[in-house]
Protein chains: 2
Amino acid sequence: MNTFKPQDYIPQLSIDSVIFGYQEKELKVLVSQLNLQNQAIYTLSGGFIKQIESIDEAAGRILKDRTGLENIYLEQFKTFGLINRTNKAVSELLEKEDHQQSGGNQLKTSDIQWISNRFISIGYYALVDINKVALTKDNPQESAAWISVDNLPEMIMDHNEIVSEALNALRNNLDEKLIGFNLLPETFTMRELKELYEAVYDRPFARNNFQKKMLSLNVLERLEKQFTGAANKAPYLYKFGKT
Amino acid sequence: MNTFKPQDYIPQLSIDSVIFGYQEKELKVLVSQLNLQNQAIYTLSGGFIKQIESIDEAAGRILKDRTGLENIYLEQFKTFGLINRTNKAVSELLEKEDHQQSGGNQLKTSDIQWISNRFISIGYYALVDINKVALTKDNPQESAAWISVDNLPEMIMDHNEIVSEALNALRNNLDEKLIGFNLLPETFTMRELKELYEAVYDRPFARNNFQKKMLSLNVLERLEKQFTGAANKAPYLYKFGKT
DNA sequence: ACAAAAGTGTTATCTCTACACCCATGT
DNA sequence: ACATGGGTGTAGAGATAACACTTTTGT
């Protein structure tokens, strides 16, 4: 039996999610690497929509598949539908690869055909705490890695453009809705929050004014101080969600 | 031959456009009315996506079909994909109607089936100069009318929600991008522009401050005065696009 | 002369930015 | 004592909002 058929999945429609994480003062994206015919193919986290789920549910399911996480901040930002949006290049490599392999690892011809269709793709972006993601590697040909948003490899189709549109949407939403905290651990210092903003907007913020602005939002709860052992005043820890 | 088949159109995917116009100090939406079995069915302007066109092209084509206009401001704002997004209620009425009719007017069974599927719909909104639209009525069962955005009838499926999301998107874009002028004739007075903004945001604007803000944008060309014959100072006419 | 609506100016308020200063901490 | 980074205060610039006044037009 083939995996993808119109009874189960909506044809020609996919979801591509830009999964953002924050680490070492850099905004990162979860990028999948597929090794086919000695070529490295880079893609975003994508999937298809089941007939018995909404598109938001599909995006959540795909996110859980890749990261193990549930109840994550996820937002639809744009749908991509250029006329020549096909995976032909990849599906041809898959086909070659299949011929060389044997046994249960083979993909079904119908699945390869499914993939080679023109696809319209709904773009979502997710904000995750990078420390909570355990990257699993259940397929030797496939792996995933966190890559800095300004150092991304060339990805398939329009995936690079999808990232840049996602980043646009993120920048527009970060200060309106209060979503930046999804990229940080439970507790964080004001400096960490500021550095996150600097990574997202790719520009510096004044230390004191940033603090004033954030505190004026009335959504941060100030906790105890964090003694790091460094030779300076200990910063307060903060937590999202004022009591 | 049936009209809609997967070779020609992408299945289970549609476009619904909220066509905005401005008239008599009110923001209006073009609503189609379909009379079936003595019931009035209200819908937005929708259609399907051909295999050989992009989604933006499809939205433009649908808009031209309904209004006769080309090169119109059109923006994708959200994709709607709830699990139970079907037209079953309408397709059943269509079926009944079909049985009673005869001759070339009949719809094909396969087309009715096509419509009764679950659909995911890409939402666009368009801004048009209402005076340039000539509403054609080529089908006696179908007509279209401009209806005030806060007086809309109950429409099929989630079309009312689509309008409210479109209005949200419009409000977010009106002052950032300079798109309000698409709703007005070539030339207009400052008062008319202000009343347009008041209709969109549903709140009053201070006359003098509004004028200052608009002029500071440096996108309005001031033309000759407009003598209306009224017993007051004649207002300047303006035109979008500073020389 | 008057009413109605247009055009413009002035001041107060709020917000954002830059500069400055002091404080806690470990060496 | 000192360097380092954290917390906060204040003054200036710029944007926004509120109030006020003058001008044009037809009756």
Has the side chain of [X] got a donor or acceptor atom sitting under 3.5 Å from an opposite partner on the base of [N]?
{"X": "A:N232", "N": "D:dA3", "value": "no"}
{"X": "B:K233", "N": "C:dT8", "value": "no"}
{"X": "B:R207", "N": "C:dG7", "value": "yes"}

request  = Kindly point out which of C:dG26, D:dG6, D:dA17 is positioned nearest to the side chain of B:K212?
outcome  =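 The answer is D:dA17, which lies nearest to the side chain.
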task = Could you please name the option among D:dT25, D:dG7, C:dG7 that lies closest to any side-chain atom of B:P235?
result =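 Comparing D:dT25, D:dG7, C:dG7 against the side chain of B:P235, the answer is C:dG7.
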task = Verify the contact: side-chain N or O of A:K213 to OP1 or OP2 of C:dC16, cut-off strictly under 4.0 Å; return yes or no.
result =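 Yes, within the criterion.
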key: Short side-chain N/O contact from A:Q211 to OP1 or OP2 of D:dG6, under 4.0 Å   =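 So the side-chain polar atoms of A:Q211 never come under 4.0 Å of the phosphate oxygens OP1 or OP2 of D:dG6.
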key: Check: B:F240 ring centroid to B:F188 ring centroid under 6.0 Å   =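 No - the distance between ring centres of B:F240 and B:F188 does not fall below the 6.0 Å cut-off.
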key: Distance flag, aromatic centroids of A:F48 and A:F119, threshold under 6.0 Å   =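 Yes, they do, as the ring centres are separated by less than 6.0 Å.
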inquiry  = Using heavy-atom distances to pick each residue's nearest nucleotide on DNA chain D, tell me which of A:N209 and A:A231 is more 5'.
reply    =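 Counting from the 5' end, the first nearest nucleotide belongs to A:A231.
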task = Go through the structure and list residues passing side chain to side chain contact (heavy atoms under 4.5 Å, CB included) with A:A166, not counting sequence neighbours.
result =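 So A:A166 forms a side chain to side chain contact (heavy atoms under 4.5 Å, CB included) with A:V18, A:F20, A:F77, A:Y125.
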Please report, rounded to the nearest Å, how far the [atom2] atom of [N] is from the [atom1] atom of [X].
{"X": "B:R191", "N": "C:dG7", "atom1": "CZ", "atom2": "P", "value": "11 Å"}
{"X": "A:L217", "N": "C:dT15", "atom1": "CG", "atom2": "C1'", "value": "13 Å"}
{"X": "B:E224", "N": "C:dG7", "atom1": "CD", "atom2": "C1'", "value": "17 Å"}
{"X": "B:E195", "N": "C:dA5", "atom1": "CD", "atom2": "C1'", "value": "12 Å"}
{"X": "B:F205", "N": "D:dA18", "atom1": "CZ", "atom2": "C1'", "value": "16 Å"}
{"X": "B:M214", "N": "C:dT8", "atom1": "CE", "atom2": "P", "value": "16 Å"}
{"X": "A:F210", "N": "D:dT8", "atom1": "CZ", "atom2": "C1'", "value": "16 Å"}

key: Polar contact flag, side-chain donor to acceptor under 3.5 angstrom, B:S14-B:S121   =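 B:S121 and B:S14 do have a side-chain donor-acceptor pair below 3.5 Å.
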ask   = Between B:R222 and B:Y236, is NZ or CZ placed under 6.0 angstrom from the six-membered ring centre and within 45° of the ring axis?
value =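 Relative to the ring axis of B:Y236, which defines the angle, B:R222 lies inside both limits.
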request  = Would you classify A:A234 as touching base, sugar-phosphate or nothing, given that sugar-phosphate means primed atoms plus P, OP1 and OP2, and contacts are heavy atoms under 4.0 Å?
outcome  =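 Sugar-phosphate, no base atom in range.
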